[in-house]
Amino acid sequence: MKTEISFVVNGERRSVRAYPMERLLDVLRQQLSLTGTKEGCGEGECGACSVLIDGELATSCLVPVAQAEGTSVVTIEGVAANLRFGALREAFLNCGGAQCGICTPGMMVAAVALLARKPNPTADDIREGLSGNLCRCTGYLQILEAVAEAARRTAAR
Amino acid sequence: MGGVSGSQTEHIVGSSAPRKEGRDKVSGCARYIDDLSFPHMLYGATVRSQIPRGKIKKIDFGPGVAWNEFVIVSAKDIPGRNWVALIENDQPCLAADVVNHPEEAILLLAHPRRHALPKAVAAVEIEYEALPAVFTMDSSERQEQIIWGTDNVFKSYRIEKGDVDSVWAKADYIVEGEYSTGAQEQLYIETNGVIAAFDAEKGITVWGSLQCPYYVHKALVELCGLPEDKVRVVQTETGGAFGGKEDYPSMIAAHASLLAMKAGRPVKIIYDRAEDMAATTKRHPSRTRHRTALSKDGKILGGEIDLVIDGGAYMTLSPVVLSRATIHAGGPYYWPNVRVRAKAVATNTPPHGAFRGFGAPQALFAIERHMERLARAVGLSPAEIRRRNFLQPGQTTITEQVINEPIDLGKLLDRALGLADYEQKKRRFAKENPLGSEKKGMGIAAFLHGAGFTGSGERHLASVVGVEGSADGGVKVLVSSTEFGQGTNTVLCQIAAEALGLPYEDVTMARPDTGEVPNSGPTVASRTAMVVGKLVASAALGLKQTLVAAGLLKGNGTAAEFRAACRAYVAAHQRLRSLARYESPEGIYWDDQKYRGEAYAAFTWAIYVAEVTVNLTSYSTRVDDFVALQEVGRVMNPVLARGQILGGVAQGIGFALYEKVEWREGRMANSQMTNYTIPTSADLPAVRVFFEELGNRYGAFGAKGIGELPMDGPAPAVVNAVEDALGIPFDSVPLLPESIFEGVERAAAWRATTARTPAGVR
Amino acid sequence: MRADPTEYEFVAPASFVDAVQLLAEQPAAWLPIAGGTDVMVQFAAGTLGARKLLSIWNLPELRHIEVLPEEVRIGAGSTYTDLRRHETVGREFPLLTLAASWTGGIANQNRGTLGGNIVNASPAADSLPALLAYEAELILVSARRERRVPYLDFHTGYKKIALEPDELVRAICLKRRFAGYVSYGRKVGARNAQAIAKVSIAGLGRVEKGQVADVRIALGSVAPTPIRLRQTERVLEGRALDRDAIGQARGAAVAETHPIDDIRSTARYRAAVVGNLVGEFLETLGGATGHE
Ligand SMILES: Cc1cc2nc3c(=O)[nH]c(=O)nc-3n(C[C@H](O)[C@H](O)[C@H](O)COP(=O)(O)OP(=O)(O)OC[C@H]3O[C@@H](n4cnc5c(N)ncnc54)[C@H](O)[C@@H]3O)c2cc1C
Ligand code: FES
Ligand code: FES
């Protein structure tokens with residue numbers, strides 16, 4: 001049976017009617033038209049569906065929407081709209097962090113989660129922070145460089 | 001940094017112009033196929049064969065499903081021809097009476113609710129009469145069962161250069177080796193997907209994640225029995241392809257189209273990861289045998305190379321993959337005499353297809369492992385044996401193509417070894433290795449990659465591109481060449497902007513839509529920057545000439561004058577469009593029968609050096625450093641070019657050390673991302689990328705293709721490094737810890753029996 | 001996704017007591033779901049048997065770590081991230097923190113719970129060897145009773161555990177008595193992150209006056225359940241960690257495990273790695289105390 005689920009998405013209070021076991025991923029993409037969050041595997045492995053739930057990184061393909069009740073969810077659209085993350089976007093562009101782009105939203109969300117906890121991450125921190133996000137195009141290096149550059153630029157400000 | 005200013009004096013080609021569609025991608029606005037939906041759209045799913053080979057006896061629609069809610073399509077519903085048109089039309093779109101591989105499509109279902117489909121698919125009961133199947137190249141070659149044609153052979157090629165039979169008597173050494181490579185899944189992070197819509201008047205339109213809109217177009221015309229102008233194919237943003245979306249999209253587009261025609265509503269099919277892995281193409285497994293005659297100073301006198309690739313159940317692209325493997329079989333070395341025999345054979349597995357490198361990585365793995373054997377036989381170092389045999393300008397390749405550019409592979413090798421600190425590390429490792437359970441080694445791979453289509457391919461394709469001036473003064477590039485991460489959009493816009501002296505921002509790409517853009521050929525074979533780019537440059541110049549001829553522009557106008565001229569022209573004539581068609585350069589000769597002549601318009605050249613540590617507690621290998629040095633004609637965009645190399649090296653390291661398809665009766669058993677392991681960010685070294693630029697007169701602004709090259713070198717470089725670390729040769733990839741363990745055990749046992757010394761490798 | 005969400009029921013009780021009550025009313029009808037990192041994978045693959053899910057995610061009674069004088073009591077709903085961020089756990093139970101750091105990527109560590117790892121009972125689960133080495137105790141709770149059981153006896157067979165259908169794991173208790181122990185943990189998987197273990201080890205030991213005073217070796221992925229190597233430990237008791245002892249222990253360890261061939265590895269390889277890991281642990285143990 002469908003139920004009403006209320007949560008905050010990208011800072012806005014939203015409520016949807018959904019089957020509780022629908023995946024948060026599907027509800028975001030289909031009901032809320034937030035298609036920036038991608039599905040790469042549906043098994044928690046690739047990180048393309050990464051979002052923040054109450055500030056913590058989560059793979060939305062593994063979250064029943066009912067478990068998001070009362071939480072605050074941030075998707076790539078929320079990250080994109082936030083001026084604070086401008087440096088991260090620019091760094092991804094400059095460093096070649098996005099090729100086909102399908103992993104990019106998840107990578108950026110994971111990077112936001114990382115930088116929130118560790119504004120001055122070491123190279124190992126960055127590798128670990130993104131190790132749950134698979135990219136098949138870049139070989140990761142330019143993504144790691146982008147995150148490091150974003151951290152540097154943000155710190156410099 | 002990075003950005004391109006509007007100043008015309010600054011060169012755009014060669015600068016790191018920002019990725020055209022980059023901003024959409026980093027903000028999550030780029031729209032991939034599963035991000036689109038249409039009113040009244042249905043979702044489609046595929047019922048697939050559960051067995052590798054057999055006759056379909058009966059199909060039942062089991063209980064528990066409201067079948068009346070489903071649209072159901074079988075082979076009988078196909079209006080045109082039941083095949084996926086490609087090279088040979090042997091592959092049905094839907095199996096009608098027999099199946100030839102696990103996961104072969106038999107029936108299609110569509111329903112308004114996506115989640116209703118899996119249960120329905122599972123409820124279809126198919127009764128088969130199983131037929132004996134073939135799962136390995138060996139049993140296919142032995143013809144234990146004839147499963148394709150009269151001899152299980154899709155295609156064979158033979159190269160004869162000089163007189164191989166005469167070399168054996170003269171040889172100081174004869175060295176033999178056998179090398180093999182496994183299947184590799186492309187594992188683009190976006191799975192295959194399309195949407196098809198049918199309209200009695202407009203015909204079929206398909207949107208999808210794909211590489212080659214005109215391949216799909218051709219397949220749909222034949223399948224649906226529609227005229228060409230009633231089929232339209234549009235590429236949507238594509239989340240990785242690597243060759244994996246070269247031929248398969250024709251299949252899934254065909255399925256969606258059949259459902260859409262029957263349903264009268266748009267139909268979307270998106271594979272889930274397990275279906276994508278199990279049912280779609282992978283890199284061809286290969287087995288190569290080398291027998292080489294050497295002089296005592298380490299010169300190759302001649303050799304025989306036997307190469308077999310596993311094509312799977314249908315021909316699909318195997319002949320072309322085999323062709324590239326065949327031509328690359330000799331590596332970057334001079335063979336005065338050589339015989340190559342190559343064939344692609346059938347097995348009852350899903351067809352293997354295109355994957356970055358397209359046969360070359362398989363053949364180059366073999367020759368680059370074999371070079372180590374040659375070195376050992378003669379007592380030369382791996383560097384020296386290569387140096388003595390490198391192709392020199394003026395010499396000919398195995399297809400007797402004359403090398404007529406000033407490539408100096410010896411110098412390239414020196415530079416790479418210097419960058420890698422090769423000699424010093426070798427000395428250090430020789431000292432340190434005996435001490436611990438971690439063994440370090442260095443490995444080299446030298447290789448070349450032919451850019452563009454093989455032989456007469458480009459002439460047959462006769463690609464056309466367009467450049468259009470618009471009413472607002474901007475310029476648009478019209479090609480069917482697609483962007484799937486490699487940078488097509490950016491590089492082609494750079495080329496047009498440079499040719500026209502316009503700021504990069506003034507040039508945009510038309511969406512690849514067969515209703516709008518001319519056929520610039522498929523986006524494969526590292527041909528886009530070189531061949532299509534060159535056409536874009538010439539179409540751009542044509543556009544300029546039109547404006548000059550119309551008296552609207554002086555020869556060297558400013559960007560503002562150009563825009564004004566464009567606007568004026570379009571105001572007067574409605575449309576400003578310039579087309580350019582491929583013409584094969586003079587004097588290019590290729591004999592398809594003898595496989596002789598100018599195989600490629602250009603070669604890229606590379607030396608890769610890998611440094612590894614093998615841990616003898618876990619038998620796992622870590623790549624500690626990786627130097628990738630290559631000559632690529634011209635670096636069109638440094639950031640993008642480096643990205644191509646980094647990505648290719650990562651896939652190559654995956655091919656070498658991580659990625660194994662576990663086959664069970666022709667089916668992939670590990671079709672989950674958790675069990676088919678590609679490297680993560682925690683598994684790769686900070687690969688170091690270096691370029692050299694010799695230019696190329698056949699390519700736009702000197703470009704040669706670089707997309708595939710980096711896939712060729714990592715596997716042999718890494719495996720050579722593992723041999724260097726352990727003193728044990730390994731001749732197949734993927735080289736998993738399990739195989740290293742077995743190798744170490746074998747070596748220990750061998751040492752124990754031969755030398756009677758206790759304790760093996762530890 | 002191969003499941004149809006319309007076919008599933010889901011409840012999220014407001015408290016632990018409510019959850020236990022629901023299980024008491026309809027035992028075996030409801031499948032608890034905590035972080036969902038195992039349950040949702042099965043759900044998406046279309047292989048989840050249960051149709052009724054009881055969410056215990058984020059229940060405050062389950063998601064806390066209590067430091068008592070004698071023991072640390074880890075709520076079963078604590079995530080790997082909770083464990084990694086907990087200072088006392090990190091200091092006194094480093095094998096558990098280490099295992100937590102191996103468990104998938106950050107996203108997985110933010111949702112996956114220790115209770116889920118235990119009850120999912122995969123022989124390859126990363127934190128279970130550590131719990132065996134520390135000889136954890138579990139607090140199991142139902143509406144009928146609360147009981148405390150030694151974790152050593154909890155796994156009874158492949159994916160079989162001594163948990164009643166109406167019970168939940170409430171907490172995992174670790175005795176604070178491992179100061180001065182040398183710990184050694186290693187996971188051998190197909191890659192450095194996001195990997196399922198081919199073999200994993202948690203080794204814990206103390207050497208006094210050159211002799212093994214206490215040693216615990218637990219392994220994952222080499223038998224139908226995670227196991228303690230009792231035989232091997234016995235071989236070592238009271239002995240000096242010389243070549244001989246280590247060689248014997250390696251042999252005993254291999255004899256005590258029952259690895260298999262599967263899509264991830266081979267039995268032969270796993271057996272060899274078992275020997276190597278046990279050897280490496282004992283060398284570490286010997287070496288670490290040798291310097292004292
Ligand atoms: C991408 C990915 C990577 C992973 N990597 C690893 C890894 O490296 N190592 C590893 O060990 N695991 C790994 N896992 C598996 C998984 O994350 C762990 O097993 C995790 O601990 C499960 O916890 P959970 O809360 O998510 O369990 P859930 O999925 O919610 O539940 C799992 C099982 O436990 C039961 N259960 C949960 N809590 C309780 C309780 N308190 N009382 C009674 N029953 C309970 C549930 O009913 C269910 O049967 C990975 C999973 C994914 C998706
Ligand atoms: S889609 Fe969720 S992790 Fe891959
Ligand atoms: S950019 Fe394509 S998968 Fe990362």
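Per chain, numbering begins at 1; letters A, B, ... match sequence-line order.
- Only the side chain of B:E21 comes within less than 4.5 Å of a heavy atom in chain A; its backbone stays farther off.
- Atom CG of B:L187 and atom SG of A:C41 lie 9.5 Å apart (nearest 0.5 Å).
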Run A:C137 and B:F484 through side chain to side chain contact (heavy atoms under 4.5 Å, CB included) and show every step you take. CA-CA 9 Å; A:C137 295; B:F484 38 88; over 6 Å; no
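- Looking at B:L684, the atoms closer than 4.5 Å to chain A (heavy atoms on both sides) sit in the backbone and in the side chain alike.
- Interface check for chain A: of the options B:G643, B:A241, B:G654, the most heavy-atom pairs under 4.5 Å are formed by B:G643.
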Decide yes or no on side chain to side chain donor-acceptor pair (under 3.5 Å) for A:R89 and B:S27, but give the supporting numbers first. CA-CA 7 Å; A:R89 269 195 316 275; B:S27 57; over 6 Å; no
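- Proximity to chain A involves both the backbone and the side chain of B:R642, based on heavy atoms less than 4.5 angstrom apart.
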Is there a side chain to side chain contact (heavy atoms under 4.5 Å, CB included) between A:E43 and B:M673? Walk through the geometry before answering. CA-CA 8 Å; A:E43 45 169 306; B:M673 275 197 181; 3.7 Å; yes
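- Contact of B:A686 with chain A is made through backbone and side chain together, with heavy-atom distances under 4.5 Å.
- In this structure, the portions of B:V639 lying under 4.5 Å from any heavy atom of chain A include both its backbone and its side chain.
- Classification of B:D34 and A:K38 as a salt-bridged pair fails, no side-chain N sitting under 4.0 Å from a carboxylate O.
- Per-residue heavy-atom pair counts under 4.5 Å with chain A were compared for B:G647, B:G240, B:C29, B:P685, and the maximum is reached by B:G647.
- Of the listed residues B:A682, B:P679, B:A274, the one with more heavy-atom pairs under 4.5 angstrom with chain A than any other is B:P679.
- Distance alone, capped at 3.5 Å, is enough to place a donor-acceptor pair between the B:S681 side chain and the A:R127 backbone.
- Put simply, the side chain of B:R19 never gets that close to the backbone of A:L93: no donor and acceptor are under 3.5 Å apart.
- Only the side chain of B:R114 comes within contact range of chain A, with heavy atoms under 4.5 Å apart.
- With A:R136 contributing its side chain and B:E190 its backbone, the two residues share no donor-acceptor pair below 3.5 Å.
- Heavy atoms closer than 4.5 Å to chain B are found nowhere in A:E128, neither backbone nor side chain.
- Note that CG of B:D35 is 10.5 Å distant from CD of A:Q30, once rounded to the nearest 0.5 Å.
- For B:D272, no part lies near chain A; criterion is any non-hydrogen pair under 4.5 Å.
- With a 4.5 angstrom heavy-atom cutoff, A:E22 does not touch chain B via any of its atoms.
- If you measure heavy-atom distances from A:N133 to chain B, you find no contacts under 4.5 Å at all.
- Once rounded to the nearest 0.5 Å, the distance linking CD1 of B:I189 with CG of A:L134 reads 5.5 Å.
- Proximity to chain B is limited to the backbone of A:T138, based on heavy atoms less than 4.5 angstrom apart.
- With A:Q99 as the partner, the side-chain contact (heavy atoms from CB on, under 4.5 Å) test is satisfied by one option alone out of B:E483, B:Q486, B:K25, B:Q644: B:Q644.
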